[in-house]
*Asks:* 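Can you keep this structure in mind? I'll have questions shortly.
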Protein chains: 2
Amino acid sequence: MSKYELVYHAGIPGRAEFVRLYLEATSTPYEDKALTEGQDCIKPYVSGEFEGSDTNPTPFAVPVLKDGDVVISQTANILLYLATRISTPLDLEGGEKDDDRATKKAKSSPASFDNPDTFHTNALTLTILDLNNEVHDTHHPVSVMSYYEDQKEAAKQKADDVRKNRMPKFLANFEKNLAKSSSGFLLPSGPTYADLALFQLVDGLKFAFPARMKKLLPDYPKVEALYERVKKAPKIKAYLESDRRQKYSLGIFRYYEELDGEE
Amino acid sequence: MSKYELVYHAGIPGRAEFVRLYLEATSTPYEDKALTEGQDCIKPYVSGEFEGSDTNPTPFAVPVLKDGDVVISQTANILLYLATRISTPLDLEGGEKDDDRATKKAKSSPASFDNPDTFHTNALTLTILDLNNEVHDTHHPVSVMSYYEDQKEAAKQKADDVRKNRMPKFLANFEKNLAKSSSGFLLPSGPTYADLALFQLVDGLKFAFPARMKKLLPDYPKVEALYERVKKAPKIKAYLESDRRQKYSLGIFRYYEELDGEE
């Protein structure tokens, strides 16, 4: 049995994908419960009838991570929790060059509260997840539980705003931070799970807004380079080619031709 | 000079209020920069031309906390950062009863990664901030930078959904967690900054949706009791009566009669 159990809807990458990428990149064994046991594994967590409910708050929503007796919710929080427990260094290089051993050693300690980078990584991830939420709202701007078809007019307006204003604003911030960093990653000290999160965001944006991203991404060459670098990192590449990587579908990143556009 | 500098728009409680309440409740000195220096203090942080820009990522948005050389962004992240550094115990009691000394001592250590409650507090806070974001979207559902007046139709739909579906769903989760806890706070181990965040959320909801909250809140008696308890805690009471507590205005929580309703 894997130490970590991940609970999330099967059939879409969704918010759990940010967690999966980190577990995969660090070769941390995990069980994707809905894939092994079916979607019924989700309900007990949000209804409060889960094992461990007496010592853990009831999550508002999935993804949920179960680590023995501890049950953790909220995507960014799960990533932070894992980073404080996983000591495997994140290796997002293509394997062409030898790593400096001192650097490698420094990166192999779990995240600590004494290190400001722990909080910088969390802030960058929360910002990436903020745009992820805004992308969700491009097809569900007025009602989370209703169909896209019932809010198409507002969706068009929201998607126009996200494409024209929000995507450039967020991408400019990521580009600025990559430009400040000498490592090629968001933080000068080296790769973190925030880089994986940025990869996933860009990947989803390319799926949902192909015309817009084709025009926009070249304006942010460091973001594009990070995307390509992460995509080619051996562990990520193997994961993306495996059947554990689920296809985009009716989740956060959806392709509706009428919501895309060059501008 | 205070150790902590808080950077946020003057004139609204906004997202910084979650941070202010925690600083106030722990009697931690801080300087609210926009109040002392004016709004111009904000721009360098988001443009990247701030002191410390060479060693800290450029924030996407305020609130920002400056702690010496360290610059931290994202509301939930700032709270977590502070919780790992502030050792003053959170006292949200009215002062009527003697505290158990052992309990008091346990609460006086800063948050640690070894304690799952650190992550539970973060998850609860992130969930509270999720509804805070949805409330923002009730008046700005399709475009962050446009006027409410230019998106009134979608705003009406979004507000209807938040009032009818989202507020009860979130409040039910908070009520469930308060019911599971023996402490009267969200976590059985005692008060945390998540309780302050829930107070602020309920307070804002009462301002923005008075008719809805008058009808809805009695269905969640433990949430209402926590709200009243926090409001009467001596340090919070003194803060709320001071001129440091800014009035609701054109921020996240706004009152538009047409967006409120009993249902």
Side-chain angles (χ1 to χ4, degrees), chain A residues 46 48 53-61 69-78 80-81 84-85 110-114 116 119-120 122-127 130 133-134 137 141-146 151 153-158 160-161 165-166 169-170 173 176-177 180-181 186-188, chain B residues 46 48 53-61 69-78 80-81 84-85 110-114 116 119-120 122-127 130 133-134 137 141-146 151 153-158 160-161 165-166 169-170 173 176-177 180-181 186-188:
Chain A
V46 289
S53 176
D54 50 337
T55 52
N56 294 277
T58 298
F60 181 74
D69 295 338
V70 179
V71 174
I72 300 287
S73 72
Q74 284 279 359
T75 311
N77 189 46
I78 293 172
L80 182 66
Y81 177 86
T84 63
R85 274 131 179 102
S112 125
F113 274 167
D114 298 331
F119 298 93
H120 294 327
N122 189 35
L124 289 161
T125 302
L126 286 164
T127 301
D130 279 345
N133 282 345
E134 292 194 29
D137 291 352
V142 297
S143 174
V144 180
M145 296 306 288
S146 304
Q151 45 195 316
E153 200 182 324
K156 182 81 174 64
Q157 292 175 57
K158 179 71 175 178
D160 283 354
D161 185 62
N165 302 315
R166 304 300 282 171
K169 188 169 178 180
F170 277 89
N173 177 266
K176 194 182 297 246
N177 282 315
K180 286 208 296 195
S181 165
L186 286 161
L187 291 182
Chain B
V46 289
S53 177
D54 50 338
T55 52
N56 294 277
T58 298
F60 181 75
D69 295 337
V70 179
V71 174
I72 301 285
S73 71
Q74 285 278 0
T75 310
N77 190 46
I78 293 172
L80 182 68
Y81 177 86
T84 62
R85 275 130 178 101
S112 124
F113 274 166
D114 298 330
F119 298 93
H120 293 327
N122 189 35
L124 289 161
T125 302
L126 286 164
T127 302
D130 279 346
N133 282 346
E134 292 195 28
D137 291 351
V142 296
S143 173
V144 180
M145 296 306 288
S146 305
Q151 45 194 315
E153 198 182 326
K156 181 81 172 66
Q157 293 175 55
K158 178 72 174 176
D160 283 354
D161 184 62
N165 302 315
R166 303 299 284 169
K169 190 172 177 177
F170 278 89
N173 176 267
K176 194 185 298 249
N177 282 317
K180 286 209 294 197
S181 165
L186 286 161
L187 292 181

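Reminder, nothing fancy here: chain letters follow the sequence lines and each chain counts from 1.
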*Asks:* With only heavy atoms counted, which part of A:Thr55 is less than 4.5 Å from chain B, the side chain, the backbone, both or neither?
*Replies:*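 It is the backbone, since no side chain atom gets that close.
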*Asks:* Give the member of A:Val70, A:Val71, A:Asn56 that has the highest number of heavy-atom pairs under 4.5 Å with chain B.
*Replies:*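 Option with the greatest count: A:Asn56.
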*Asks:* For the residue pair B:Pro57 and A:Asn177, what are the closest heavy atoms and their distance?
*Replies:*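 Residues B:Pro57 and A:Asn177, closest heavy atoms: CA-OD1, 3.3 Å.
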*Asks:* Do you know which of B:Leu186, B:Leu124, B:Leu80, B:Asn165 has the most heavy-atom pairs under 4.5 Å to chain A?
*Replies:*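 Counting heavy-atom pairs under 4.5 Å, the top option is B:Leu80.
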*Asks:* Can you say whether A:Val144 sits under 4.5 Å from chain B via the side chain, the backbone, both, or neither, judging by heavy atoms?
*Replies:*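 Contact with chain B: backbone and side chain both.
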*Asks:* Using 0.5 Å steps for rounding, measure from the CG atom of B:Asp137 to the NZ atom of A:Lys158.
*Replies:* 5.5 Å
*Asks:* Do B:Lys169's NZ or CZ and the ring of A:Phe60 fall within the cation-pi criteria of under 6.0 Å and 45°?
*Replies:*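 Output yes; distance and angle both within limits.
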*Asks:* Side chain from CB out, backbone as N, CA, C, O: work out which of these in A:Asn173 comes under 4.5 Å of a heavy atom of chain B, or both, or neither.
*Replies:*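 Side chain of A:Asn173 only, per the 4.5 Å heavy-atom cut-off to chain B.
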*Asks:* Just by distance, no angles: are the side chains of A:Thr127 and B:Gln74 close enough, under 3.5 Å, to form a donor-acceptor pair?
*Replies:* yes
*Asks:* Given heavy-atom pairs under 4.5 angstrom as the criterion, report whether the side chain, backbone, both or neither of A:Ile78 touches chain B.
*Replies:* neither
*Asks:* Contact part of B:Ser181 toward chain A, heavy-atom cut-off under 4.5 Å: side chain, backbone, both or neither?
*Replies:*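 Neither part; nothing is under 4.5 Å.
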*Asks:* Atom OG1 in B:Thr58, atom NZ in A:Lys180: separation rounded to 0.5 Å?
*Replies:*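 Going from OG1 on B:Thr58 over to NZ on A:Lys180, the span is 3.0 Å.
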*Asks:* Measure across B:Val142 and A:Ala154 and return the closest heavy-atom pair with its distance rounded to 0.1 Å.
*Replies:* CG1-O, 3.5 Å
*Asks:* List in chain and number order the residues that pass salt bridge (Lys or Arg N to Asp or Glu O under 4.0 Å) with A:Asp69, two or more places apart in sequence or in another chain; answer none if no residue qualifies.
*Replies:*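 None.
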*Asks:* Do you know the tightest heavy-atom contact between B:His120 and A:Ile72?
*Replies:* CE1-CD1, 4.1 Å
*Asks:* Go through it in stages, so that I can follow the logic: the residues are B:Leu126 and A:Thr75, the test is side-chain contact (heavy atoms from CB on, under 4.5 Å), and I'd like the CA-CA distance, side-chain angles, deciding distance and then a yes or no.
*Replies:* CA-CA 10 Å; B:Leu126 286 164; A:Thr75 311; over 6 Å; no
*Asks:* Among B:Gly48, B:Pro188, B:Ser53, B:Ala111, which residue forms the greatest number of heavy-atom pairs with chain A at distances under 4.5 Å?
*Replies:*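 If we count pairs closer than 4.5 Å to chain A, B:Ser53 comes out on top.
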*Asks:* Name the region of A:Ser112, side chain, backbone, both or neither, that has any atom closer than 4.5 Å to a heavy atom of chain B.
*Replies:* backbone
*Asks:* Can you classify the ring geometry of A:Phe119 versus B:Tyr81 as parallel (below 30°), tilted (30 to 60°) or perpendicular (above 60°)?
*Replies:* perpendicular
*Asks:* Under a 4.5 Å heavy-atom cut-off, does chain B meet the side chain of A:Asp114, its backbone, both or neither?
*Replies:* backbone
